J.: 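Next up is a structure, given as structure tokens.
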2 protein chains.
Amino acid sequence: MTYPQLKKITMGAQIAAMLRAAILGGELAPGSAVVETSLALRFGVSRGPLREAMRELIDEGLLITVPYTGTKVLELSPADINDIYSMRICLEKFAFEQIWDRRDDAFREQILQRHAALLAAIDANDDVASIEAELNLHGLAYEMAQNAILMKTWNGIRGRLQLYWAAHHRAHHMQGPQRTGHDDYVSLAIGNDLDLMRAEIESHMQRGLEITKAQVQGELSTRV
Amino acid sequence: MTYPQLKKITMGAQIAAMLRAAILGGELAPGSAVVETSLALRFGVSRGPLREAMRELIDEGLLITVPYTGTKVLELSPADINDIYSMRICLEKFAFEQIWDRRDDAFREQILQRHAALLAAIDANDDVASIEAELNLHGLAYEMAQNAILMKTWNGIRGRLQLYWAAHHRAHHMQGPQRTGHDDYVSLAIGNDLDLMRAEIESHMQRGLEITKAQVQGELSTRV
DNA sequence: TCATAATCGATTGTCAACAATGTTTGGGGG
DNA sequence: CCCCCAAACATTGTTGACAATCGATTATGA
């Protein structure tokens, strides 16, 4: 037996999900124009719900729009990446501080499970799945913190990172998540030394930022 | 000679500003319904731009909506206030860490100026102006940090605080910002001891949170 | 009287046409 | 050859009408 959906999902919401997948999947590359009429045609709806969907992605920071002119997929500068990573350090430490004393078996089970999923995606050489698995792993602390504003901010960061990584992976065969990259993170997250966890978050992010910057450097030298 | 505006402002954006003012000004109290058709009539526009405006306030967290049913002004629970204040501690410390080594004369001038504006509003017994002035004072660090995600998060916090404070001031003659409440904050912000500034932010927020909680307590006892 | 189902009103969701704006392109003059 | 202007084009902004859904109310039967 199939259960009927209790609340009708609007077309705008469904299209927002599809559009998000198209952007994060690289179908719409950063900087490319996003035109209402053509997308409305593609999804088989009117411009109304499509605008609603685009508005949602604009709020998430995946799209930027200028009145009467147009909308395009966000392009992140190296400075933006810096901002994102410094925010990640701040917020992820905060998230762990909030949940530290109420971590339970369900938490430990979840983090091990998500780590296993990440390892599986890496072993399968699936870049898209690896990126998503890594973000899911880091997202656990945010989810458990149960703070609406924190969660919304994390979602914005998460989307931008996914957008950036996905685009660069496809374009430049960028180095993906490493198999041993999260061992310390996971073991400390289920351990009992909050200060060590704080330090791990900082070094973990620093490492990620350096990998990203090295990639940008490589891009620039390629173009010279 | 008056200069023409370079970019045309859409009706939706203008209405978003008016609607935001109406909510923060208390004309639309927390929990009250916000109906598209009646507001469209009131502002003299169609439902299209009005939906756009409402969508903007939904993103800021001032409104909440459920499909096919309705939209209303956000009501904050004591737990929400806790979340907001813990986020404020985290983010404001972060903002000052980011700007600490590049504070200049313009910064010192601005913070003194905004502090003076706050004192003036308190002396004038203008609650609405006092709230706005206090948030402007705290906002300076965020503005100077020049981090888009940080700024967006702060705006969300700022709006919720303004909504909550404004509503409770009107309803319960709640205690407003105190005249000497920000002296330490300002002097430490232009000083040279970052650790002391961090401690001041924590104690400042703790104080604000306790005032709010005492107010909620008073409300509850009044109703019994 | 109570539980259940049909109906009504209110509100939001969706659509297609029209208006306003920004950008581009092509021509004319210096 | 370059610069400026004007007209055409592409895109978004706005509108009013219609459809879908939800919540409450009322009727109905046991």
Side-chain angles (χ1 to χ4, degrees), chain A residues 2-20 22-23 27-75, chain B residues 2-20 22-23 27-75:
Chain A
T2 70
Y3 289 87
Q5 53 190 172
L6 298 181
K7 285 276 182 182
K8 177 73 177 187
I9 303 174
T10 65
M11 288 189 185
Q14 299 178 57
I15 292 184
M18 288 194 282
L19 190 54
R20 189 184 296 110
I23 292 173
E27 204 166 330
L28 280 63
S32 60
V34 177
V35 183
E36 292 179 2
T37 50
S38 55
L39 280 181
L41 200 68
R42 164 175 166 179
F43 288 121
V45 295
S46 163
R47 275 178 57 213
L50 196 115
R51 275 174 77 98
E52 203 86 1
M54 283 175 59
R55 178 80 206 205
E56 193 168 324
L57 300 191
I58 290 170
D59 303 324
E60 293 180 20
L62 263 45
L63 298 178
I64 50 177
T65 185
V66 42
Y68 289 106
T69 302
T71 306
K72 54 184 186 176
V73 181
L74 178 73
E75 293 176 289
Chain B
T2 70
Y3 288 87
Q5 52 189 170
L6 298 181
K7 285 277 184 182
K8 176 74 177 188
I9 302 173
T10 64
M11 287 188 185
Q14 299 178 56
I15 292 186
M18 287 193 282
L19 190 53
R20 188 184 296 111
I23 292 173
E27 201 166 333
L28 279 62
S32 60
V34 177
V35 181
E36 293 180 2
T37 50
S38 55
L39 281 180
L41 200 68
R42 164 177 168 180
F43 289 121
V45 296
S46 165
R47 275 178 57 213
L50 195 115
R51 276 173 75 99
E52 203 87 1
M54 284 176 57
R55 178 83 206 198
E56 193 168 324
L57 299 193
I58 290 170
D59 303 325
E60 292 179 21
L62 263 45
L63 298 179
I64 50 177
T65 185
V66 40
Y68 289 106
T69 302
T71 306
K72 55 182 187 175
V73 181
L74 178 72
E75 293 175 288

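Numbers restart at 1 for each chain; the letters A, B, ... are given by sequence-line order, proteins then strands. Keep in mind it's a predicted model, so treat the numbers as computed, not measured.
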J.: Between B/A22 and B/R42, which heavy-atom pair has the shortest distance, and what is it?
T.: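 That closest heavy-atom pairing would be CB-NH2, 4.1 Å.
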J.: Give a yes or no on whether the backbone of A/P30 and the side-chain of A/S32 come within a donor-acceptor separation of less than 3.5 Å.
T.: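 Side chain of A/S32 to backbone of A/P30, a donor-acceptor pair under 3.5 Å: no, none is there.
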J.: How long is the straight-line distance from CZ of A/F43 back to CE of A/M18, given to the nearest 0.5 Å?
T.: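 Taking CE in A/M18 and CZ in A/F43, the distance rounds to 5.0 Å.
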J.: Excluding sequence neighbours, so at least two apart, what forms side chain to side chain contact (heavy atoms under 4.5 Å, CB included) with A/A17?
T.: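 Side chain to side chain contact (heavy atoms under 4.5 Å, CB included) check on A/A17 returns A/R20.
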J.: Within residues 46-59 of chain B, which residues have any heavy atom lying less than 4.0 Å from an atom of DNA chain C?
T.: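 Going residue by residue through residues 46-59 of chain B, the ones with a heavy atom under 4.0 Å of DNA chain C turn out to be B/R47, B/R51.
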J.: Grab the CG-C1' distance between B/L41 and D/dG16 for me, whole Å please.
T.: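 Whole-Å distance recorded here is 14 Å.
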J.: Which value, rounded to the nearest 0.5 Å, describes the distance between B/I15 atom CD1 and B/E56 atom CD?
T.: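 That separation rounds to 11.0 Å.
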J.: Partners of B/T65 by side chain to side chain donor-acceptor pair (under 3.5 Å), sequence neighbours excluded?
T.: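 Listed in chain order: B/T71.
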J.: Treating primed atoms plus P, OP1 and OP2 as sugar-phosphate and everything else as base, which nucleotides of nucleotides 5-11 of chain D get B, S or - for protein heavy atoms under 4.0 Å?
T.: ------S
J.: End-to-end bend of the helix from C/dT1-D/dA30 to C/dG30-D/dC1 (five-pair axes, 10° rounding)?
T.: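 Result, rounded to 10 degrees: 0°.
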J.: Partners of B/E36 by side chain to side chain donor-acceptor pair (under 3.5 Å), sequence neighbours excluded?
T.: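 If we apply the side chain to side chain donor-acceptor pair (under 3.5 Å) test to B/E36, skipping adjacent residues, the hits are B/R47, B/R51.
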J.: Test side chain to side chain contact (heavy atoms under 4.5 Å, CB included) on A/L63 and A/I58 and set out the steps.
T.: CA-CA 5 Å; A/L63 298 178; A/I58 290 170; 3.8 Å; yes
J.: To the nearest angstrom, how far is A/L39 atom CG from D/dT12 atom C1'?
T.: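 The distance from CG of A/L39 to C1' of D/dT12 comes to 13 Å, rounded to the nearest Å.
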J.: Drop me the distance from B/L41's CG to B/L50's CG, to the nearest 0.5 angstrom.
T.: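 Taking CG in B/L41 and CG in B/L50, the distance rounds to 10.5 Å.
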J.: Between D/dT14 atom C1' and B/I9 atom CD1, what is the distance in whole Å?
T.: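 After rounding, the gap between these two atoms is 17 Å.
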J.: Between atom CD1 of A/I23 and atom CG of A/L57, what is the distance when rounded to the nearest 0.5 Å?
T.: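 Reported to 0.5 Å precision, the distance equals 5.0 Å.
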